Colleague: 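Mind having a look at this structure? Questions to follow.
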Amino acid sequence: MIDMIEANIEFDKREKQGKEENKNSEEEPCASFALLSKGKNKKRAARQFYSLLVLRKNKIIEVSQEGHCADVKITKNENFANGREMVKI
């Protein structure tokens, strides 16, 4: 799960760097739960969401949601580099 989040964040970072209007933006790159769970069945998506909660509890990632039923944005937190050792999901 951590690998998927990291890959999604790196993709978001490259995409933002490629856009002219975002070159001066200080917006932090983030992953999207909708993209991470795209094409997965309900059981797999539920397991991924539970994994997000565990990673958030251990301060490996930070999650935010703008509104009810909106996409969950995922960003790296203070323990992201040590996440694999801290949690075995």
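Because the structure is predicted, anything quoted here is derived from the model rather than measured.
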Colleague: Find out if a path of hydrophobic residues (ILVMFWY) with successive side-chain heavy-atom gaps under 4.5 Å connects Phe49 to Leu35.
Modeller: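 No, no single cluster joins them.
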Colleague: Is it true that atom CD of Glu78 has more than 12 heavy atoms of other residues, nucleotides or ligands lying nearer than 6.0 Å?
Modeller: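 Atom CD in Glu78 is crowded, with more than 12 foreign heavy atoms closer than 6.0 Å.
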Colleague: Would you indicate whether the side-chain heavy atoms of Leu55 and Lys57 approach each other to under 4.5 Å?
Modeller: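 Contact flag for Lys57/Leu55 side chains = no.
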Colleague: Taking all heavy atoms of Leu52 and all of Ile61, pick out the closest pair and write down the distance.
Modeller: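 Nearest pair, atom of Leu52 first, then Ile61: CD2-CD1, 3.6 Å.
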Colleague: Output the distance between atom CZ (Phe80) and atom CD1 (Ile74), rounded to the nearest 0.5 Å.
Modeller: 9.5 Å
Colleague: Taking all heavy atoms of Gln65 and all of Ala70, pick out the closest pair and write down the distance.
Modeller: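 For Gln65 versus Ala70, the nearest heavy atoms are NE2-O, 2.7 Å.
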Colleague: Checking side chain to side chain contact (heavy atoms under 4.5 Å, CB included) against Thr75, which of Ser64, Pro29, Cys30 comes through?
Modeller: Cys30
Colleague: Check whether more than 12 heavy atoms from other residues, nucleotides or ligands sit under 6.0 Å from atom NZ of Lys40, and answer yes or no.
Modeller: yes
Colleague: Without swapping roles, check the side chain of Asn77 against the backbone of Asn79 for a donor-acceptor pair under 3.5 Å.
Modeller: no
Colleague: Is the closest basic N to carboxylate O distance between Glu62 and Arg56 below 4.0 Å?
Modeller: yes
Colleague: Applying side chain to side chain contact (heavy atoms under 4.5 Å, CB included), run through Phe33 and Lys73 and close with a yes or a no.
Modeller: CA-CA 6 Å; Phe33 182 71; Lys73 300 292 182 188; over 6 Å; no
Colleague: For the CD1 atom of Ile5 and the OG atom of Ser32, what is their distance to the nearest 0.5 Å?
Modeller: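 Atom-to-atom, Ile5:CD1 and Ser32:OG are 11.0 Å apart.
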